[in-house]
Asks: 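Dropping the structure in here first, questions after.
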There are 2 protein chains.
Amino acid sequence: MLSIKEIAKLADVCPATVSRVLRHPHLVSEEKRDRVNSIVKQTGYVPNNLAVNLRNTKTYKIMAIIPEVIRAYNNVIIRSMQDIAIEHGYSVLLGDTQSLQSREKAFADMARTREVDGIVLFCSRFPFDIDHTVDLATQLPPMVHACESTDMLGIPKVNIDNVAAAREGTEYLASLGHKLIGVVAGHSLTPSTESRLAGYRQAIDSANINYNPNLISTGNYDLNMAEEATQYLMSLRPRPTAIFAFSDEMAIGCLSALHKLKIKIPEEVSVLGFDGISYGPFLNPALSTVAQPLQQIGQACMQLLLPQLNGEPMQDCNRVLPHELVIRQSTAPAPVY
Amino acid sequence: MLSIKEIAKLADVCPATVSRVLRHPHLVSEEKRDRVNSIVKQTGYVPNNLAVNLRNTKTYKIMAIIPEVIRAYNNVIIRSMQDIAIEHGYSVLLGDTQSLQSREKAFADMARTREVDGIVLFCSRFPFDIDHTVDLATQLPPMVHACESTDMLGIPKVNIDNVAAAREGTEYLASLGHKLIGVVAGHSLTPSTESRLAGYRQAIDSANINYNPNLISTGNYDLNMAEEATQYLMSLRPRPTAIFAFSDEMAIGCLSALHKLKIKIPEEVSVLGFDGISYGPFLNPALSTVAQPLQQIGQACMQLLLPQLNGEPMQDCNRVLPHELVIRQSTAPAPVY
DNA sequence: CGGGATCCTGTAAGCGCTTGCATAATATTC
DNA sequence: GAATATTATGCAAGCGCTTACAGGATCCCG
C-alpha cells in the first residue's frame, strides 16, 4: 500500500508538502501542487485514515447502537440522525446488536478505543465495564442515550413519555367503550415496556375497569410472538374487545392472527399499535397507533451529541418529546352484545 | 486521555511491558502482570485502537454498505453475515446510503483509508473514484459485491438468478391462467430490476401472451409508489388479474391499494411478491412470493470476503444462489368471466 | 541597496502502540 | 562451576500522518 513518503519521493518533494497539498493546498506553490496532485491521481493514493485520525485524535464517525436495526421503527430515526450528522461532517455507522449485551459492549467500546468519536445508544443496559467504585463517569465518551434510557451517570437522554403515551392510548380505547383490553407487550425487561405497562395500568384504574393480569402478554417485539399472544387473548372468555400492541410490528402480528380467526377488525376487536411506522397506513385495516416523533428523536440525539463532540461537557438532561395518538381504521367502539 | 506510557509509569514498568500484559500476558512475570492489571483496572485504561490498528494494519472491522438498511429484505442477510463475521473475530458496521452515491463512496472509502478491512457492497454502482486508464484494479480493497452485482473489475459476486426467478414467478402466474399480469418494479436502473423485467418478458413471450408495456410500472421500492402503481394498474381496461411486485414490501402496498379498492385477493386479483421477507406469512392474505435465500446470501458474502481479509487474492467468481417460489394465499387461478 | 515582510518548503517531533533485538537475570546440564 | 538454555524486561524503531518551527527565496519599500 502506498504511503505519503512514496508519493513524496515520486513527486520529488517532502512528505509534509504532500500532506499540505491534500489538506491546505493554498500553502503550496502551484508547481508542486500540480506535481503532487498528478502523482496522487496516477497512483490512486489515499491517505491512511488510521494515521490521520491518530494524529488528529478525531475520526468524524458516530456509532449508533441499535438492538435490531431492521425494525421499521428505526427507519426515520436513523435517517434524520444521519442527515444531521452529515451536515456537520460526521458519518454514522450502525451497529446491530441483536439485543446481545456482548455486542452492545463491543460497539460501545469503539468510542473508548477512539475508533469513533461518539455513540448514540438505543439499548437500555449500560454498555461499559466500568468500575463504579472509582469515579470514572468523567471518562465516558461523548454519548446520548435514547428511547430506552434510565438514569445513568448523567448521560443525556432522549425519550418520549412512555407512561403517558400508553395511558392515553388505553384511555382512548376505554373511551370507545372497551372494558377488556388485551396488551401485547414487548421485552418485559426494557424500561419502555415497563413504563407502557404502568401507563396502561393507570388508565385501567382511572376508568374503573378491573385490572386483569391475564390480559397482559409479554414476550419480544416479534411478529410470531404477537400472533401467538393474540390467539391466546382471543381464546379467553369473556374475550377482549381491544388489543393494545406495544409496537406497530407486533400489531401486524395481531392483525394477522385476527384475520386467521376470521375476527372482524375493528367491528369485533379493535387493534391499537405503537410507534407510528410508515407501514401503518398500508395495513388492512389501516392501523391506529400511538405515534412516536421519530424524526424529532433522531434530531434530538444529534443535537445532544454534537456539542459533546466539540468538547463541551456532558449535560445531564432528559429531552422528552411529544407522542401523538393517530386514529385510523383499526379501532372502533366496542361491540354491544 | 490515558496512554500506555502513563500506565507504564504508574505501574513502574516500561510501555512494552504494559502492552505485553494486555496482549501476551504469558510473557510477563506474575508480579508485574498483577501490578499492571490493577492499574489498568483502577484507571479504566483502554488502548487506543487507532494506534493499535495503525501499528497492526488491521482493524477487524467489516463495512456492509446497504442502500436502505431498513428494508425488511436485509434482515436475515445482515444477521447471517454478522454471525459469521463475529465467529471469525470481526465486527460488522452497517452503512446506510439512502441510495445516494456520495454516501456509497464515503463508506466504501473507509476500506481504502484502512478504517475497515473490507466491504460488502449491496449497491450497484462502482463506489470508487479510480482512474481506469491506469491499472488500479489491483488496489481494490477486500470486497464482495452482492445482490446488485454487474461485472466489475473481477470483484467476487453473490447473486440470485434474477432473470430465472422472475421468469418462474411469471410462469407460475401464467399457469394459473392469468393473461394480464401487471408488474410493480423497483428502481428502473438497478441490475436486479432489469433482470427481473427481462425474466418477466421471457415468460410472457413463451406463454404466448401479448407483451404490453403499459402493465409495467417502475419506480422505487416504496410502499407509496407501489400503492399508486396498483391504483393505476387497476384503472386499466381490461384490468390485470395478477400483479407481480418485485419486492415483498411493494407487495404490501399492492395489497393495501387493492383492499381500499375493495378488490378481492386472490379471487379477483392475485398478488405475487419477491424476496421472502419474514412478514410475508403475516399479511392478509399471506403473501405468495419468489423467495431469495437470504441467509445463504449473507453466508456467501462472508465466505468470499474472509479469505481476502486473510490476504488471499480476489477471485473473480459469481456465486449464484437458488431462489424458491413460495405459494401462500395471495395467488389463485385467474377469474373466469 | 539594506531591512523587513511574505511566501514556500523541508526538518523533525510526536500521536499511541507493538515487537525485534539486546541484555540481564535465573535456571539447567554435565 | 563453566557453558548453555530459558525467562523477563527494557530500548528503540517504526506504523503513516500533520504541523510547529526554522531557514531560504523572493519581493517591496524608502
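In the text below, chain A, chain B and the rest are named by the order of the sequence lines, each starting its count at 1. A quick note: this is a predicted structure, and the numbers were derived from the prediction, not measured.
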Asks: List the atom of B/Gln308, the atom of B/Pro156, and the distance in Å for their closest heavy-atom pair.
Replies: NE2-CG, 3.3 Å
Asks: Once you round it to whole Å, what is the distance between C1' of C/dT19 and NE2 of B/His24?
Replies: 8 Å
Asks: How close or far is atom C1' of D/dC17 from atom CG of A/Asn49, stated in whole angstroms?
Replies: 10 Å
Asks: Atom CG of B/Leu54 and atom P of D/dA13: how far apart are they, to the nearest Å?
Replies: 18 Å
Asks: For a salt bridge (charged side-chain N to carboxylate O under 4.0 Å, His left out) check, start with the C-alpha distance between A/Asp316 and A/Lys157, then their side-chain angles and the critical distance, and finish with the verdict.
Replies: CA-CA 8 Å; A/Asp316 185 3; A/Lys157 298 179 276 296; 3.4 Å; yes
Asks: Side chain to side chain contact (heavy atoms under 4.5 Å, CB included) between B/Met110 and B/Ile119: does it pass, once the steps are laid out?
Replies: CA-CA 9 Å; B/Met110 289 179 60; B/Ile119 59 187; over 6 Å; no
Asks: Taking 4.0 Å as the cut-off, does a side-chain nitrogen or oxygen of A/Tyr45 come that near to OP1 or OP2 on D/dC17?
Replies: yes
Asks: Which pair of non-hydrogen atoms, one from B/Val13 and one from B/Lys32, has the smallest distance, and what is that distance?
Replies: CG1-CD, 3.7 Å
Asks: Does A/Ser3 place a side-chain N or O at less than 4.0 Å from the phosphate oxygens OP1/OP2 of D/dG16?
Replies: no
Asks: For A/Arg23 and A/Val52, what are the C-alpha separation, side-chain angles and deciding distance, and is it a side chain to side chain contact (heavy atoms under 4.5 Å, CB included)?
Replies: CA-CA 11 Å; A/Arg23 310 289 172 194; A/Val52 174; 3.7 Å; yes
Asks: Calculate the interatomic distance between A/Ile7 atom CD1 and D/dT18 atom P; express it in whole Å.
Replies: 13 Å
Asks: Starting from P on C/dG16, measure out to CZ on B/Arg23 and report it in whole angstrom.
Replies: 15 Å
Asks: Quick check: do B/Phe128 and B/Met143 have side-chain heavy atoms less than 4.5 Å from each other?
Replies: yes
Asks: Roughly how many Å is it from CG in B/Leu22 to P in C/dG16, rounded to a whole number?
Replies: 16 Å
Asks: Tell me the closest heavy-atom pair linking A/Lys61 and A/Leu93, and the distance in Å.
Replies: CD-CD1, 3.9 Å
Asks: Mind listing the N/O atom pairs, protein and nucleotides 7-14 of chain C, below 3.5 Å?
Replies:
{"unit_1": "C/dT9", "atom_1": "OP1", "unit_2": "A/Ser29", "atom_2": "OG", "d": "2.7"}
{"unit_1": "C/dT9", "atom_1": "OP2", "unit_2": "A/Ser29", "atom_2": "N", "d": "2.9"}
{"unit_1": "C/dT9", "atom_1": "OP2", "unit_2": "A/Ser29", "atom_2": "OG", "d": "3.2"}
{"unit_1": "C/dG10", "atom_1": "OP2", "unit_2": "A/Cys14", "atom_2": "N", "d": "3.1"}
{"unit_1": "C/dG10", "atom_1": "OP2", "unit_2": "A/Thr17", "atom_2": "OG1", "d": "2.7"}
{"unit_1": "C/dG10", "atom_1": "N7", "unit_2": "A/Arg20", "atom_2": "NH1", "d": "3.4"}
{"unit_1": "C/dG10", "atom_1": "O6", "unit_2": "A/Arg20", "atom_2": "NH2", "d": "2.5"}
{"unit_1": "C/dG14", "atom_1": "N2", "unit_2": "A/Arg55", "atom_2": "NH1", "d": "3.2"}

Asks: Under 4.0 Å between any heavy atoms, over every strand shown, what does A/Asn56 touch: base, sugar-phosphate, or nothing? Just pick one.
Replies: sugar-phosphate
Asks: Once you build an axis from the first five pairs and another from the last five of the helix from C/dC1-D/dG30 to C/dC30-D/dG1, how far apart in angle are they, to 10 degrees?
Replies: 40°
Asks: Mind listing the closest non-hydrogen atom pair of A/Ala300 and A/Leu321 along with its distance?
Replies: CB-CD1, 4.1 Å
Asks: What is the distance, to the nearest angstrom, from the CZ atom on B/Arg35 to the P atom on D/dG10?
Replies: 8 Å
Asks: Compute whether any side-chain donor of one residue and acceptor of the other, for A/Glu115 and B/Asn53, lie under 3.5 angstrom apart.
Replies: yes
Asks: Whole-Å distance between C/dT19 C1' and B/Ile4 CD1?
Replies: 12 Å
